[in-house]
Amino acid sequence: MTILTRAAYLLLVLAIPAALVLAPMYLFITPGFIRHEYGLPGFPGSVRFDAAERIEISDAILHYVRGRITREQLAAVETAEGEPALNAREVDHLADVRIVMDRLFLVQGVATLAALVAIAWLVLRRQVLDLAAGLRHGVILAAGLIVVVVGYSLLDFGAFFTAFHNLFFPPGTWTFEFTDTLIQLYPLPLWMDAVWKIGVVVAIELAAVYALGAYLRRSTPPVPDACTS
């Protein structure tokens, strides 16, 4: 394996986890997912908002997190009674959330581009076995990560939820009262449901990529300089 081919192989292995594990953000950080959750039997209701108002305020929050409205527009969102839907602490927290989401989307995009560049190089150099190995080893690395994350959440979701938030946000900035809008819109069962569903989506992605790598390995005759481990 040449230096550039090995570099492409390593780049592919390292890029796959970020590209695949973060890809479900495009499905789950959407109004459609929130509507899906609200429509589930037994999903907690709100003591402050009816169904329509809950969706309307949530849509505004998601539009802000995805960069489609400004902070000022978010802060101006009102309840049916004409009061601000979000207090100052909630707006500050959502500003932090937007920063984190922007960075995660950037990481996912860069990782996806890096994986495609590595794949293109290996294909052009006809290093199909190296490509197959890179796909499979990248999936194994990503699978280990997702097993740890989902397993931790299943063992103690409260501890997982706290650790996750403390990783991205300053302590004390992400806790709110039960009657605050963010808790009324996004109760704990929503996050518990989201974690395992994200895990399922990632598992499907990983299975598809691993199957591709296995197919390429089986269908390609070995060559002396290929990485077939």
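These values consider heavy atoms only, across backbone and side chains, with no hydrogens, waters or symmetry-generated copies. Just so you know, these numbers come straight off a predicted model, no measurement behind them.
Glu37 places no side-chain N or O within 3.5 Å of a backbone atom of Phe43 that could act as its donor or acceptor partner. Proximity of a side-chain donor or acceptor of Glu53 to a complementary backbone N or O of Ala80 within less than 3.5 Å is detected. The backbone N or O of Gly32 sits nowhere less than 3.5 Å from a side-chain atom of His36 that would complete a donor-acceptor pair. For Thr30 (side chain) and Leu27 (main-chain N/O), a donor-acceptor pair under 3.5 Å exists by modelled atom type. Distance alone, capped at 3.5 Å, is enough to place a donor-acceptor pair between the Gln108 side chain and the Ala19 backbone. Ser58 contributes no side-chain N or O that, together with a main-chain N or O of Arg54, makes up a donor-acceptor pair within less than 3.5 Å.
Counting only heavy atoms from C-beta outward, the side chains of Phe105 and Val100 never approach each other to under 4.5 Å. Side-chain atoms of Leu188 and Phe157, non-hydrogen and from C-beta on, do get closer than 4.5 Å to each other. Counting only heavy atoms from C-beta outward, the side chains of Leu86 and Asp180 never approach each other to under 4.5 Å. When side chains are defined from C-beta on, Trp191 does not count as touching Val195, because their heavy atoms never get closer than 4.5 Å. Residues Tyr186 and Ile61 meet the side-chain proximity criterion, which asks for heavy atoms closer than 4.5 Å. Put simply, the side chain of Val123 does not reach to within 4.5 Å of the side chain of Val128, judged on heavy atoms. At least one side-chain heavy atom of Val47 sits less than 4.5 Å from a side-chain heavy atom of Phe178. Contact of the His93 side chain with the Phe176 side chain is registered, since non-hydrogen atoms from C-beta on lie closer than 4.5 Å.
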Apply salt bridge (charged side-chain N to carboxylate O under 4.0 Å, His left out) to residues Arg68 and Asp59 and explain how you reach the verdict.
CA-CA 11 Å; Arg68 295 166 185 159; Asp59 284 354; over 6 Å; no
Under the side chain to side chain contact (heavy atoms under 4.5 Å, CB included) rule, what do Val139 and Leu135 come out as? Steps first, then yes or no, please.
CA-CA 6 Å; Val139 165; Leu135 292 173; 5.6 Å; no
Go through the steps to decide whether Leu116 and Trp121 satisfy the test side chain to side chain contact (heavy atoms under 4.5 Å, CB included), and finish with yes or no.
CA-CA 9 Å; Leu116 292 175; Trp121 172 266; over 6 Å; no
Please evaluate residues Glu177 and Ile183 with respect to the criterion side chain to side chain contact (heavy atoms under 4.5 Å, CB included), reporting the C-alpha separation (whole Å), side-chain torsions for both, the decisive distance (0.1 Å), and the verdict.
CA-CA 7 Å; Glu177 299 294 332; Ile183 305 302; over 6 Å; no
Side chain to side chain contact (heavy atoms under 4.5 Å, CB included) assessment of Asp92 paired with Thr173
CA-CA 8 Å; Asp92 287 342; Thr173 65; over 6 Å; no
Pair Asp96-Trp174, side chain to side chain donor-acceptor pair (under 3.5 Å): steps then yes or no
CA-CA 9 Å; Asp96 292 339; Trp174 55 269; over 6 Å; no
Please lay out, stage by stage, how Asp193 and Lys197 fare under the test salt bridge (charged side-chain N to carboxylate O under 4.0 Å, His left out).
CA-CA 6 Å; Asp193 205 41; Lys197 287 178 178 176; 2.6 Å; yes
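Dense packing is recorded around OH of Tyr26, with more than 12 heavy atoms of other residues, nucleotides or ligands lying under 6.0 Å away. Residue Arg125 qualifies as open at atom CZ: its count of foreign heavy atoms under 6.0 Å is 12 or below. More than 12 heavy atoms of other residues, nucleotides or ligands lie within 6.0 Å of CD in Gln73, so this atom counts as buried by the packing criterion.
Pairing each heavy atom of Val77 with each of Ala60, the nearest pair is CG2-CB, 3.8 Å. Among all heavy-atom pairs drawn from Arg71 and Ala95, the shortest one is NH1-CB, 3.5 Å. Scanning both residues, Ala142 and Leu206, for their nearest heavy atoms gives CB-CD2, 3.6 Å. Considering all non-hydrogen atoms of both residues, Pro24 and Val21 come closest at CD-O, 3.3 Å. Scanning both residues, Thr5 and Thr2, for their nearest heavy atoms gives OG1-OG1, 2.8 Å. Heavy-atom minimum distance, Gly134 versus Ile16: O-CD1, 3.8 Å.
With rounding to the nearest 0.5 angstrom, the CD1 atom of Ile119 is 11.5 Å from the CG atom of Leu124. To the nearest 0.5 Å, the span separating CG on Leu190 from CZ on Phe33 amounts to 5.5 Å. Between the CE atom of Met192 and the CG atom of Leu154 there is a distance of 8.5 Å, given to the nearest 0.5 Å. The CG atom of Leu10 sits 11.0 Å away from the NE2 atom of His137 when rounded to the nearest 0.5 Å. Taking CD of Glu90 as the reference point, atom CG of Leu182 lies at 4.0 Å (rounded to 0.5 Å). If you take CG on Leu141 and CZ on Arg136, they are separated by 14.0 Å, rounding to the nearest 0.5 Å.
At a cut-off of 3.5 Å, with distance as the only test, no side-chain donor of Thr70 or Tyr64 sits close to an acceptor on the other residue. Counted by atom type alone, Tyr9 and Gln127 present zero donor-acceptor pairs between their side chains at under 3.5 Å. Side-chain contact annotation: Thr181 with Arg48, donor-acceptor N/O pair under 3.5 Å present.
A salt bridge between Asp130 and Arg217 is absent, with no side-chain N of the basic residue lying under 4.0 Å from a carboxylate O of the acidic one.
Between Tyr152 and Phe160, the angle of the ring planes goes over 60°, which puts this pair in the perpendicular group of the 30/60° scheme.
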